[in-house]
Amino acid sequence: MLELKFIRNNPEIVARGISAKNADADIGALLALDEKRRDLLVMSEKLKAERNRANQEIAKAKKGGKPDQALIERMKEISSRIKALDTEVAELEEDIHKMLLTVPNLPHESVPPGASEKDNQEIKRWGEPKEFAYEPRPHWEIGEQLGILDGKRASKLAGSGFALFNGVGALLERALINWMLDVHVTKQGYTEVSTPFIATRDCMVGTGQLPKMEEDMYLVETDDLFLIPTAEVPVTNLHREEILDSSRLPLYYTAYTPCFRREAGSYGKDTRGLIRIHQFDKVEMVKFVKPETSCDELESLLADAEALLQMLDLHYRVLELCTADLSFASSKCYDIEVWAPGANSYLEVSSCSNFEDFQARRAGIRYRPEQGAKPEYVHTLNGSGLALPRTVAALLETCQNPDGSVTIPEVLRPYMHGMEKIGKS
RNA sequence: GGAGAGGUGGCCGAGCUGGUUGAAGGCGGCACCCUGCUAAGGUGUUGUAGGGGUAACUCUACCGAGGGUUCGAAUCCCUCCCUCUCCGCCA
């Protein structure tokens, strides 16, 4: 959420930022409502001041035993006017707030301009695409042949767009989760949390999924609770409505959670294998930092995510998203895409974003810069480290052998009972 | 799901027979004083948000959330949410 005052004072900057993001929001209408609200507020508050003065008089008079009946009658009238004004103000405030929630975050000044995802900038390549003497097979074939992926039965359980890992496949999934968490905790300074996989509407608004993305979420209607689309939601909301001690910052958290996404509107896209499914596992990193450090923190967050792919020895590239491809809440974002030779494409396995104070303002996450100073909003960041199914896909495809087996990366072997290869079982 | 208790400022905790209570008291924080050092002690100060004003300043709101009663509500009434205890059910 942007600050209303900021919009009021910088309408043209806001408008420019919104259009750079290819979004639209009616700033003019918003500001008109705001002006009306302030007019009514002044009227109401003047009346309230009068009422407060009168109330003291009445209280004093009553002690003497003779309340002024005429004054009470007049206050009755004023009270009803106040009530009417306040009702109107409250309605305006609600409208303004609703509109404010639909205004996207502005791109950071360093973000390259662009009209679509085609204008994203590739800023880095690590490693080389592995060479094959034969046509490398896609992970869905490898997985089915090794008996570690069972797409048919997955759809029996939950319909299309779900995965079922079998035997060593399930072990591989679990090994990756444990290994990633261990790297974040023991080598990169994150604190592990294990959160609910369901979140309230307030949480979803706090991180920016709502109100815009409601169709993309699974809603448990009976309780008005949402299945989380990413651990970003519960972890960022951990400190909702809190004033954090400045000495505690920066706070680094990591969490494993499943992620649930309806993927409404992307039917027919990436339907094969593990590339786009409704439920997937992910290890996420979330940071709460002081504003002046958030740019650097984004770089180190990206490095922490990259480190995982480097240890797995998987080739990847890093894209800096252009203004048009930035998500609603982010001000700057890097995507990491891992090379999947069988699918013959780069797969997004991590998205590292700086939200600046956009989420913090929505969720009320603040800190006190100095003892006794006014609380200010923290900056929040998050990045996947990493999304599991696509990592598994790239791994199976990259580490496949001519005989159909898959060599397990060394770092994972301790997590897989020392196993070196996945063969046919 | 049933019965009961409760939700007050950074924290703990009074007030809850309606009226200078934004809110006693304590802890913590900050400033100053005292002190050979440390510890202890003394005095003062210390919430958030939204308006108005060039400014000094000033007004308003906030005691879980939302309604109601009243000239006036942290205090009375209703609804909802959350926490705790006991019972039931269940991993």
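What you see is a predicted model, and the numbers here were worked out from it, not measured in a lab. First the proteins, then the strands, lettered A, B, ... as listed; each starts at 1.
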Integer-rounded Å distance: [N] [atom2] and [X] [atom1]:
| X | N | atom1 | atom2 | result |
| --- | --- | --- | --- | --- |
| A:Lys62 | B:U20 | NZ | P | 13 Å |
| A:Asp224 | B:C82 | CG | P | 11 Å |
| A:Leu225 | B:C81 | CG | P | 12 Å |
| A:Lys60 | B:C71 | NZ | C1' | 16 Å |
| A:Arg248 | B:C11 | CZ | P | 12 Å |
| A:His239 | B:G10 | NE2 | P | 17 Å |
| A:Leu40 | B:G50 | CG | C1' | 14 Å |
| A:Glu35 | B:G51 | CD | C1' | 14 Å |

With [X] via side-chain contact (heavy atoms from CB on, under 4.5 Å) - residues at least two apart:
| X | value |
| --- | --- |
| A:Asn55 | A:Arg51, A:Asn52, A:Ile58 |
| A:Leu244 | A:His239, A:Glu242, A:Arg248, A:Leu249, A:Leu251, A:Ile365, A:Tyr367, A:Val378 |
| A:Met419 | A:Val168, A:Leu171, A:Ile408, A:Met416 |
| A:Ala158 | A:Phe162 |

Next on the checklist: If the condition is side-chain hydrogen bond (donor to acceptor under 3.5 Å, both in side chains), which residues does A:Thr293 pass it with, not counting sequence neighbours?
Outcome noted: none
Next on the checklist: A:Glu337: which residues meet the side-chain hydrogen bond (donor to acceptor under 3.5 Å, both in side chains) condition with it, sequence neighbours left out?
Outcome noted: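 Here the qualifying residues are A:Arg317.
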Now, which nucleotide makes the Watson-Crick or G-U wobble pair with [N], with each of the two distances under 3.5 Å?
| N | value |
| --- | --- |
| B:U69 | none |
| B:G41 | B:C33 |
| B:A3 | B:U85 |
| B:G9 | none |

Checklist entry - Below 4.0 angstrom from OP1 or OP2 of B:A49, is there any side-chain N or O of A:Arg366? => result yes
Checklist entry - Closest heavy-atom contact between A:Leu146 and A:Ser405? => result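 It is CD2-CA, 4.4 Å.
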If you look only at distance, which donor and acceptor atoms sit under 3.5 Å apart when one is on a side chain in residues 201-209 of chain A and the other is two or more places apart or in another chain?
unit_1, atom_1, unit_2, atom_2, d
A:Arg201, NE, A:Asp224, OD1, 3.3
A:Arg201, NE, A:Asp224, OD2, 2.9
A:Arg201, NH2, A:Glu214, OE2, 3.4
A:Arg201, NH2, A:Asp224, OD1, 2.9
A:Thr207, OG1, A:Cys203, O, 3.1
A:Thr207, OG1, A:Gln209, OE1, 2.7

Write down the protein N/O and nucleotide N/O pairs, taken from nucleotides 52-60 of chain B, whose separation is under 3.5 Å; answer none if there are no such pairs.
unit_1, atom_1, unit_2, atom_2, d
B:G52, OP1, A:Arg38, NE, 3.4
B:U60, OP1, A:Asn52, ND2, 3.0

Item to check | Nearest-nucleotide 5' precedence on RNA chain B, A:Pro375 against A:Asn55 | outcome: A:Pro375
Next on the checklist: By nearest heavy atom, map A:Ala59 and A:Lys5 onto RNA chain B; which one lands nearer the 5' end?
Outcome noted: A:Ala59
Next on the checklist: What residues from residues 69-89 of chain A pass a heavy-atom cutoff of under 4.0 Å to RNA chain B?
Outcome noted: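 The stretch gives A:Ile72, A:Met75, A:Lys76, A:Ser79, A:Lys83 as the residues lying under 4.0 Å from the strand, ordered by number.
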Tabulate below the donor-acceptor pairs under 3.5 Å that side-chain atoms of residues 98-109 of chain A make, not counting sequence neighbours, or state none.
unit_1, atom_1, unit_2, atom_2, d
A:Lys98, NZ, A:Glu94, OE2, 3.4
A:Thr102, OG1, A:Met99, O, 2.7
A:Asn105, ND2, A:Ala329, O, 2.9
A:Asn105, ND2, A:Phe355, O, 3.2
A:His108, ND1, A:Ser110, N, 3.1
A:His108, ND1, A:Ser110, OG, 2.7

Next on the checklist: Filter on side chain to side chain donor-acceptor pair (under 3.5 Å), then keep only pairs touching residues 279-291 of chain A, sequence neighbours left out; what's left?
Outcome noted: A:Thr230-A:Lys282, A:Tyr256-A:Asp281, A:Lys282-A:Glu284, A:Lys287-A:Glu297, A:Lys287-A:Ser300
Item to check | Pair A:Asp95 + A:Lys36, salt bridge at N-O below 4.0 Å | outcome: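 Looking at A:Lys36 together with A:Asp95, the answer is no, because their closest N to O distance does not fall below 4.0 Å.
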Checklist entry - Do A:Lys83 and A:Asp86 meet the salt-bridge criterion of a basic N to acidic O distance under 4.0 Å? => result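 Not counted as a salt bridge, because no side-chain N and carboxylate O are separated by less than 4.0 Å.
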For nucleotides 63-65 of chain B, list the nitrogen or oxygen atoms of the protein found under 3.5 Å from its nitrogen or oxygen atoms, one pair per line.
none

